[in-house]
Undergrad: 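Take this structure first; my questions come after.
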Number of protein chains: 2
Amino acid sequence: MTSKQEFIEKLRNSSLRPTKQRINICEVLFNRDKTFHFTINDLFNLIKDKTGEKVSLATVYNTVHAFHKKGYLKEIPINSNQTYFDTNVTDHHHFFDVKEERLIDLKNEDVGPIEIQKSIPGKKIKSVEVLVKLED
Amino acid sequence: MTSKQEFIEKLRNSSLRPTKQRINICEVLFNRDKTFHFTINDLFNLIKDKTGEKVSLATVYNTVHAFHKKGYLKEIPINSNQTYFDTNVTDHHHFFDVKEERLIDLKNEDVGPIEIQKSIPGKKIKSVEVLVKLED
DNA sequence: AATCTTCTTTAGAATAATTATAAACAACGA
DNA sequence: TCGTTGTTTATAATTATTCTAAAGAAGATT
């Protein structure tokens with residue numbers, strides 16, 4: 001069980017005041033055992049379901065973006081009509097089941113080290129992400 | 001110089017009749033030496049510039065999607081407000097310069113083989129794509 | 001606790017990419 | 001040439017996301 005204090009700390013670190021709405025968002029995002037892949041819309045609906053309270057869509061967007069900026073959420077590079085996020089912010093990769101529109105974590109050791117043998121002058125590598133698309 | 005016959009063949013293979021508009025689209029897409037990374041909007045504007053003729057946005061969308069479905073174009077998985085496509089449909093990866101919103105090809109040998117050590121029952125791997133984000 | 005300032009929430013409007021529609025038009029085969 | 005079927009186009013519809021501005025809540029200061 002993740003404590004409310006941790007949520008407040010995450011919010012403060014993200015320069016956000018701990019409000020009732022934001023705590024509810026944290027409850028859905030971070031009070032879990034497993035990693036959580038979601039779209040804003042998934043999250044929006046889950047908040048109502050899990051906490052019984054409605055939070056406006058704008059607040060969900062704002063809070064998710066602040067957490068992403070701070071590094072508490074990771075954006076997953078997929079071409080989908082919606083943007084996917086992940087509560088697992090460690091260095092890892094993904095399966096994407098195209099048919100079911102489902103994301104599955106790939107541990108780093110499931111993929112092995114990736115060595116990029118090319119460099120662009122004046123630029124440095126920010127991230128390396130592998131997306132493995134699955135079909136039936 | 002790529003011939004008009006090749007364009008017509010590509011169109012027919014994609015179950016599209018060779019119309020003036022579609023030939024113009026092919027001209028911009030396939031009459032090039034280097035690989036071409038683009039968004040629909042890039043393409044839409046280039047058609048006007050290069051051929052002097054305007055093609056409606058809907059036709060650009062339809063044609064690009066048909067080529068993509070047939071495998072003459074590849075969709076590049078990036079989270080951007082617009083969808084990116086690539087005329088290089090061989091197995092390869094990308095740099096993405098986040099600041100300049102620019103894509104750069106990575107040859108397969110620049111990345112090395114990627115071995116996926118995990119499998120999902122009933123699913124097979126359709127593609128493995130690496131996206132390397134660059135920062136200053 | 002009262003007050004003041006600053007930040008937050010919210011509904012709804014605005015924006016922007018993409019998809020759908022349906023009428024005018026063009027390709028193709030007979 | 002004619003008839004069928006596919007295509008183009010402008011425009012409307014849809015959808016994810018961002019913006020706005022007014023009402024409300026948090027935090028600091030007394």
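Here the structure is a predicted model, which means the values were calculated and not measured. Letters A, B, ... are given to chains in the order of the sequence lines, protein chains preceding strands, and every chain is numbered from 1.
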Undergrad: Could you check if a side-chain atom of A:K70 sits within less than 4.5 angstrom of a side-chain atom of A:Y72, using non-hydrogen atoms only?
TA: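 Sidechains of A:Y72 and A:K70: in contact.
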Undergrad: Ignoring the backbone of B:R17, work out which of C:dA27, C:dT10, D:dG27 is nearest its side chain.
TA: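 In terms of side-chain proximity for B:R17, the closest of C:dA27, C:dT10, D:dG27 is C:dA27.
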Undergrad: Of the nucleotides D:dT7, D:dT8, D:dT18, which one has an atom closest to the side chain of B:S56?
TA: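 Nearest listed nucleotide: D:dT8.
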Undergrad: Verify the contact: side-chain N or O of A:R22 to OP1 or OP2 of C:dT8, cut-off strictly under 4.0 Å; return yes or no.
TA: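 Affirmative; the distance criterion is met.
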Undergrad: How close or far is atom C1' of D:dT14 from atom CD of A:Q82, stated in whole angstroms?
TA: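 Nearest whole value for this atom pair: 13 Å.
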Undergrad: Mind checking A:T19 for me? I need base, sugar-phosphate or nothing, with any heavy atom below 4.0 Å counting as a touch.
TA: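 Result for A:T19 = sugar-phosphate.
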Undergrad: Roughly how many Å is it from CG in B:N41 to P in C:dT18, rounded to a whole number?
TA: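 Taking atom P of C:dT18 as the reference, CG of B:N41 is at 9 Å.
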Undergrad: Step through the shown structure and confirm whether more than 12 heavy atoms of other residues, nucleotides or ligands are within 6.0 Å of NZ on B:K107.
TA: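 Atom NZ in B:K107 is not packed in, count stays at 12 or less.
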Undergrad: Between A:K69 (NZ) and D:dT18 (P), how many Å, whole number?
TA: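 Nearest whole value for this atom pair: 14 Å.
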Undergrad: Just N and O in the side chain of A:R12: are any of them under 4.0 Å from OP1 or OP2 of D:dG27?
TA: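 Indeed, a polar side-chain atom of A:R12 lies that close.
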Undergrad: Just call it for B:T83: base, sugar-phosphate, or nothing, with non-hydrogen atoms closer than 4.0 Å on any strand.
TA: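 Sugar-phosphate contact only - B:T83 comes under 4.0 Å of backbone atoms but never of a base.
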Undergrad: To the side chain of B:L16, which of D:dG27, D:dT7, C:dT10 is closest?
TA: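 Ranking D:dG27, D:dT7, C:dT10 by closest atom to the B:L16 side chain puts D:dT7 first.
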Undergrad: Salt-bridged, B:K133 to A:E75, with N to O below 4.0 Å?
TA: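 Judged by the 4.0 Å cut-off on N to carboxylate O distance, B:K133 and A:E75 do not form a salt bridge.
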Undergrad: May I ask you to check whether over 12 heavy atoms, not counting those of A:K69, lie within 6.0 Å of atom NZ?
TA: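 Open.
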Undergrad: Rounded to whole angstroms, how far apart are CD1 on B:I23 and C1' on D:dT8?
TA: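 In whole Å, D:dT8 C1' lies 15 Å from B:I23 CD1.
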Undergrad: Is it true that A:K124 and B:D136 make a salt bridge, defined as a side-chain N closer than 4.0 Å to a carboxylate O?
TA: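 Salt bridge between A:K124 and B:D136, a charged N being under 4.0 Å from a carboxylate O: no.
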Undergrad: Should A:K54 be listed as having a side-chain N or O under 4.0 Å from OP1 or OP2 of C:dA11?
TA: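 For A:K54, the contact criterion (side-chain N or O under 4.0 Å from OP1 or OP2 of C:dA11) is met.
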Undergrad: I want to confirm an ordering. Mapping B:K20 and A:A58 to their closest nucleotides on DNA chain D, which one lands closer to the 5' end?
TA: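 In this pair, the answer is B:K20.
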Undergrad: Could you please name the option among D:dT17, D:dT8, C:dT10 that lies closest to any side-chain atom of B:Q21?
TA: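 Closest of the options to the side chain of B:Q21: D:dT8.
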Undergrad: Within the pair B:H65 and C:dT18, is there a side-chain N or O less than 4.0 Å away from OP1 or OP2?
TA: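 For C:dT18, neither OP1 nor OP2 has a side-chain N or O of B:H65 closer than 4.0 Å.
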Undergrad: Closer than 4.0 Å, any side-chain N/O of B:Y61 to the OP1 or OP2 of C:dT19?
TA: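 Indeed not, no polar side-chain atom of B:Y61 lies that close.
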Undergrad: Looking at the side chain of A:I40, which of D:dT7, D:dT17, C:dC7 is the nearest nucleotide?
TA: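 In terms of side-chain proximity for A:I40, the closest of D:dT7, D:dT17, C:dC7 is D:dT17.
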Undergrad: Closer to the 5' end of DNA chain C via nearest nucleotide, is it B:N81 or A:T59?
TA: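 Going by which nucleotide is closer to the 5' end, it is A:T59.
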Undergrad: Using whole Å, what does the distance between atom P of nucleotide C:dT18 and atom NE2 of B:H68 come to?
TA: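 Between P of C:dT18 and NE2 of B:H68: 13 Å.
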Undergrad: How close or far is atom P of D:dT7 from atom CD1 of B:I25, stated in whole angstroms?
TA: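 The answer, rounded to whole Å, is 12 Å.
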Undergrad: Specify the separation, in whole Å, of atom CG of B:N79 and atom P of C:dA16.
TA: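 These atoms are roughly 19 Å apart.
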Undergrad: Which whole-number value in Å describes the distance from A:N45 CG to D:dA16 P?
TA: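 For the pair A:N45 CG and D:dA16 P, the rounded distance is 11 Å.
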Undergrad: Could you check whether the rings of B:F30 and B:F7 sit parallel, tilted or perpendicular, using 30° and 60° as the cut-offs?
TA: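 Judged by the thresholds at 30° and 60°, the geometry between B:F30 and B:F7 is tilted.
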